[in-house]
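Some notes on the structure that comes next.
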Amino acid sequence: MAQIHNGVNATTGVDFQEVQATPEFQDLRSTHRSFVFPMTVFFLVWYLAYVFVAAYFPEFMAIKVLGNINLGIVLGLLQFVTTFIITAMYVSFANKKLDPKATAMRHDLEARLAEEGK
């Protein structure tokens, strides 16, 4: 494992604090947060609403939907579906918005390190 002293990686010579302060990194962080924070809030509200309804309105959750399947089971399964949908949305978002920015930053950093190493 590489030693880091004052933000500089001893193996690569990368000053991570300097990289973190760049406008490109700040833009990457902002782009990431623009998706992650709202989705986290959405999912937590959805999950806590489910728990709240299950705890305080059991008669609502007991409404039969199909045979022995009630609304509580359907909403509970939708929690899993929501998780998979959010994951797929994040993967798509990362592929389109985050990865190109991160790759460009990595290439710039590698080129700068190669230039300094000459």
Side-chain angles (χ1 to χ4, degrees):
M1 189 158 158
Q3 295 289 327
I4 296 178
H5 181 66
N6 291 334
V8 178
N9 182 306
T11 304
T12 64
V14 175
D15 185 344
F16 290 110
Q17 291 174 339
E18 178 184 313
V19 172
Q20 187 178 12
T22 63
E24 294 84 7
F25 185 85
Q26 296 302 319
D27 181 50
L28 179 65
R29 178 189 290 179
S30 175
T31 303
H32 177 261
R33 289 179 175 179
S34 73
F35 180 89
V36 171
F37 288 165
M39 276 299 150
T40 301
V41 169
F42 165 75
F43 185 78
L44 286 175
V45 167
W46 161 227
Y47 173 74
L48 293 173
Y50 171 76
V51 171
F52 178 81
V53 171
Y56 293 102
F57 300 100
E59 63 283 349
F60 176 75
M61 296 296 253
I63 294 172
K64 299 278 185 189
V65 175
L66 181 67
N68 287 332
I69 299 173
N70 62 27
L71 197 53
I73 290 176
V74 171
L75 293 176
L77 290 174
L78 283 175
Q79 292 286 321
F80 290 101
V81 172
T82 304
T83 301
F84 290 118
I85 290 171
I86 290 172
T87 301
M89 289 171 59
Y90 179 77
V91 168
S92 176
F93 178 81
N95 287 338
K96 291 176 187 170
K97 304 276 182 161
L98 299 178
D99 291 349
K101 291 179 182 185
T103 300
M105 284 180 55
R106 181 174 51 85
H107 287 309
D108 290 346
L109 184 59
E110 288 173 347
R112 198 170 61 193
L113 289 173
E115 193 64 35
E116 289 174 4
K118 288 183 180 180

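Values reported hereafter were calculated over all heavy atoms of this structure, with side chains retained and with hydrogens, waters and symmetry mates removed.
- Hydrophobic cluster membership differs between V45 and F57, with clusters built from Ile, Leu, Val, Met, Phe, Trp and Tyr side chains linked at under 4.5 angstrom.
- Note: M61 CE to E59 CD = 10.5 Å, rounded to the nearest 0.5 Å.
- Here CD1 of I85 is found 10.0 Å from CE of M39. Values are rounded to the nearest 0.5 Å.
- Cluster membership for L44 and V53, using ILVMFWY side-chain heavy atoms within less than 4.5 angstrom, is not shared.
- One hydrophobic cluster holds both I63 and F52 under the rule that ILVMFWY side chains link at heavy-atom gaps under 4.5 Å.
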Discussion item. Could you walk me through whether R29 and E24 satisfy the salt bridge (Lys or Arg N to Asp or Glu O under 4.0 Å) test, starting with their C-alpha distance in whole Å, then the side-chain angles of each, then the deciding distance to 0.1 Å, before giving a yes or no?
Written reply: CA-CA 9 Å; R29 178 189 290 179; E24 294 84 7; over 6 Å; no

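- Residue-environment remark: CG (N95) exceeds the threshold of 12 foreign heavy atoms within 6.0 Å.
- The aromatic rings of F35 and Y90 sit tilted, their planes meeting at an angle between 30° and 60°.
- In terms of modelled atom types and a separation under 3.5 Å, the side chain of S92 and the main chain of M89 share no donor-acceptor contact.
- In the hydrophobic cluster analysis, where Ile, Leu, Val, Met, Phe, Trp and Tyr join through side-chain heavy atoms closer than 4.5 angstrom, F37 is grouped together with L28.
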Item to complete: Would you sort out whether L77 and V81 count as a side-chain contact (heavy atoms from CB on, under 4.5 Å), showing the intermediate values?
Response: CA-CA 6 Å; L77 290 174; V81 172; 5.5 Å; no

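- Cluster membership for F80 and V91, using ILVMFWY side-chain heavy atoms within less than 4.5 angstrom, is not shared.
- Counting only distance, with no hydrogens or angles, the side chain of T40 and the backbone of V36 share a donor-acceptor pair below 3.5 Å.
- For K97, the NZ atom counts as loosely surrounded, since its 6.0 Å shell holds 12 or fewer non-hydrogen atoms of other residues, nucleotides or ligands.
- The heavy-atom pair separating L71 from V65 by the smallest distance is N-CG2, 3.6 Å.
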Item to complete: Let me see the working for T103 and H107 under side-chain contact (heavy atoms from CB on, under 4.5 Å), right down to the final yes or no.
Response: CA-CA 6 Å; T103 300; H107 287 309; 3.3 Å; yes

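- Atoms CZ and CG, on R106 and L113 in that order, are 12.0 Å from each other to the nearest 0.5 Å.
- Of all the heavy atoms in Q79 and Y50, the pair that sits closest is NE2-CB, 3.5 Å.
- In this structure, OG in S30 is found 11.5 Å from CZ in F25, a value given to the nearest 0.5 Å.
- Remark: F43 CZ is packed, more than 12 non-hydrogen atoms of other residues, nucleotides or ligands lying under 6.0 Å away.
- Annotation: side chain of I69 is in contact with side chain of V74 (closest heavy-atom distance under 4.5 Å).
- Nearest heavy-atom pair across P58 and Y56 is CD-C, 3.4 Å.
- Separating the CG atom in L98 from the CG atom in D27 is a distance of 10.0 Å, to the nearest 0.5 Å.
- Among all heavy-atom pairs drawn from Q26 and A21, the shortest one is NE2-CA, 4.2 Å.
- Rounded to the nearest 0.5 Å, atoms CG (L75) and CH2 (W46) are 5.0 Å apart.
- Shown here for P100 and A94, the closest heavy-atom pair between the two residues is CD-O, 4.1 Å.
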